[in-house]
Amino acid sequence: MRLYCEIRGTGFPILCLHGHPGSAKTMSVFTESLSDCYQTLAPDLRGYGHSRTSLPFELEDSLTDLVELLDAQRIERCLVLGWSLGGILAIELALRHPDRVAGLILIATAARPVGAHPPVAWPELVNTGLASLLNVVIPAHPWVIDGLGKRSLYRYLLRQHTPGAYRRLAKEGFAAYLGTSPQANRALNRALGRRYDRLSDLGAIAIPCLVLCGAEDCHITARASLETAARLPIAESHCYPDTAHLLPWEIPEQMLHDIDQWLARQELGLSAKPS
């Protein structure tokens with residue numbers, strides 16, 4: 001299917017892939033900055049946002065969609081930045097289409113994803129719903145953060161309950177949750193049931209890679225992310241203390257600084273314009 005895609009800037013292309021639930025807009029924490037020097041492409045993946053479908057699909061179908069997106073934009077080679085599920089798709093693109101991928105930026109993801117989420121209690125579910133709704137009405141209000149947010153499932157997604165993170169949740173996260181289709185949920189559940197594991201194949205990804213993770217991430221653990229970094233032939237990694245799965249919204253300035261520094265070191269390899 002033809003994916004909805006937000007394209008910004010000019011220069012060497014960076015394909016930015018969101019997680020689950022997610023959308024192109026949840027990647028704006030990256031594209032707002034990176035588009036100053038690069039061309040960023042942030043699609044709604046199949047089953048999400050404006051790329052919703054009523055037909056069942058498998059996550060592997062997203063790879064076909066992404067290659068067709070690159071072809072439609074006449075992009076022969078790009079960097080791929082993936083957050084969570086988007087990082088898994090980025091790894092798959094590099095393995096299946098190595099000629100199309102110049103480098104990887106992998107955030108809160110792993111080639112063998114392992115979680116450590118504690119059991120969920122019903123008050124946390126209730127508080128999550130209330131916090132989400134109130135946060136849309138009064139974004140980042142202290143009562144929302146301290147009264148409900150820290151007693152909800154957000155306590156596992158965030159370690160630093162900053163106003164900036166809650167504004168992102170209100171502006172981008174809530175809509176992404178509502179825009180995630182039942183078909184996308186089913187596709188992810190089927191993939192999880194197959195116990196995705198590409199660790200043994202990572203040696204084939206002989207391109208520069210940057211792996212970023214939150215030390216307190218219980219959705220995809222830092223240990224799993226760092227295990228991935230250790231298996232990649234050319235990789236740099238950063239594990240940020242006191243952050244969790246939504247670390248791009250917790251410490252955006254630090255992450256963007258580290259990404260910018262890494263990109264600057266790869267500049268010689270990224271000098272070519274998209275064809």
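Nearest heavy atoms, His245 versus Ser84: NE2-OG, 2.9 Å. Nearest heavy-atom pair, Tyr156 versus Pro118, reported as atom, atom and distance to 0.1 Å: CE2-CG, 3.2 Å. Across all their heavy atoms, Leu104 and Ala90 have their closest contact at CD2-O, 3.6 Å. Ala215 approaches Asp242 most closely through the heavy-atom pair CB-N, 4.5 Å. Nearest heavy atoms, Thr26 versus His18: OG1-CB, 3.6 Å. For the residue pair Ala110 and Ile88, the shortest heavy atom distance occurs at O-CG1, 3.6 Å.
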Steps toward ring pair (Phe, Tyr, Trp, His ring centres under 6.0 Å) verdict (Tyr48, His20): CA-CA 9 Å; Tyr48 299 83; His20 177 98; 5.6 Å; yes

His238 vs Leu210, test: side-chain contact (heavy atoms from CB on, under 4.5 Å). Steps then yes/no. CA-CA 8 Å; His238 296 275; Leu210 176 65; 3.9 Å; yes

Could you please spell out the steps behind the salt bridge (charged side-chain N to carboxylate O under 4.0 Å, His left out) verdict for Arg8 and Asp36? CA-CA 9 Å; Arg8 303 186 186 194; Asp36 288 344; over 6 Å; no

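Each of Val137 and Phe174 belongs to its own hydrophobic cluster when Ile, Leu, Val, Met, Phe, Trp and Tyr are linked at side-chain heavy-atom distances under 4.5 angstrom. When hydrophobic clusters are built by joining Ile, Leu, Val, Met, Phe, Trp and Tyr residues whose side-chain heavy atoms come closer than 4.5 Å, directly or via intermediates, Leu178 is not grouped with Tyr154. Placement of Leu89 and Leu202 within a single hydrophobic cluster is found when ILVMFWY residues are connected by side-chain heavy-atom separations under 4.5 Å, directly or transitively.
At a threshold of 4.5 Å between non-hydrogen side-chain atoms, the residues Glu60 and Glu92 do not count as touching. Between Gln73 and Ile7 there is a side-chain heavy-atom pair separated by less than 4.5 Å. Counting heavy atoms from C-beta on, the side chains of Leu15 and Leu79 never come closer than 4.5 Å. Contact annotation: the side chain of Thr180 approaches that of Asn185 to within less than 4.5 Å [non-hydrogen atoms, C-beta and beyond]. Side-chain contact between Pro43 and Tyr4: absent, with no pair of heavy atoms (C-beta onward) separated by less than 4.5 Å. Two residues are said to be in side-chain contact when any heavy atoms from C-beta on lie closer than 4.5 Å; His219 and Leu157 meet this criterion. Between Thr162 and Trp249, the closest side-chain pair of non-hydrogen atoms is not below 4.5 Å. Contact of the Leu106 side chain with the Ile91 side chain is registered, since non-hydrogen atoms from C-beta on lie closer than 4.5 Å.
At most 12 non-hydrogen atoms from other residues, nucleotides or ligands lie less than 6.0 angstrom from OH of Tyr177.
Separation of atoms CG (Asp217) and CZ (Arg223) is listed at 14.5 Å; rounding is to 0.5 Å. Going from atom CG of Asp65 over to atom CG of Leu70 covers 11.0 Å, rounded to the nearest 0.5 Å. Here CG of Asn135 is found 12.0 Å from CG of Leu130. Values are rounded to the nearest 0.5 Å. For the atom pair CD of Glu124 and CZ of Arg155, the computed distance is 5.0 Å after rounding to the nearest 0.5 Å. Distance check, rounded to the nearest 0.5 Å: CD1 of Ile251 to CZ of Arg159 gives 13.0 Å.
One finds a salt bridge joining Glu58 and Arg194 here, because a Lys/Arg side-chain nitrogen approaches an Asp/Glu carboxylate oxygen to under 4.0 Å. A salt bridge between Glu227 and Arg112 is present, with a side-chain N of the basic residue lying under 4.0 Å from a carboxylate O of the acidic one.
In this model, a donor atom of one side chain and an acceptor atom of the other lie less than 3.5 Å apart for Glu172 and Ser28.
Considering Ile14, Leu3, Ile75 in turn, Ile75 is the only one that fulfils the side chain to side chain contact (heavy atoms under 4.5 Å, CB included) rule with Leu41. For the side chain to side chain contact (heavy atoms under 4.5 Å, CB included) with Arg100, the qualifying choice from Val67, Leu66, Leu93 is Val67, the only one to do so.
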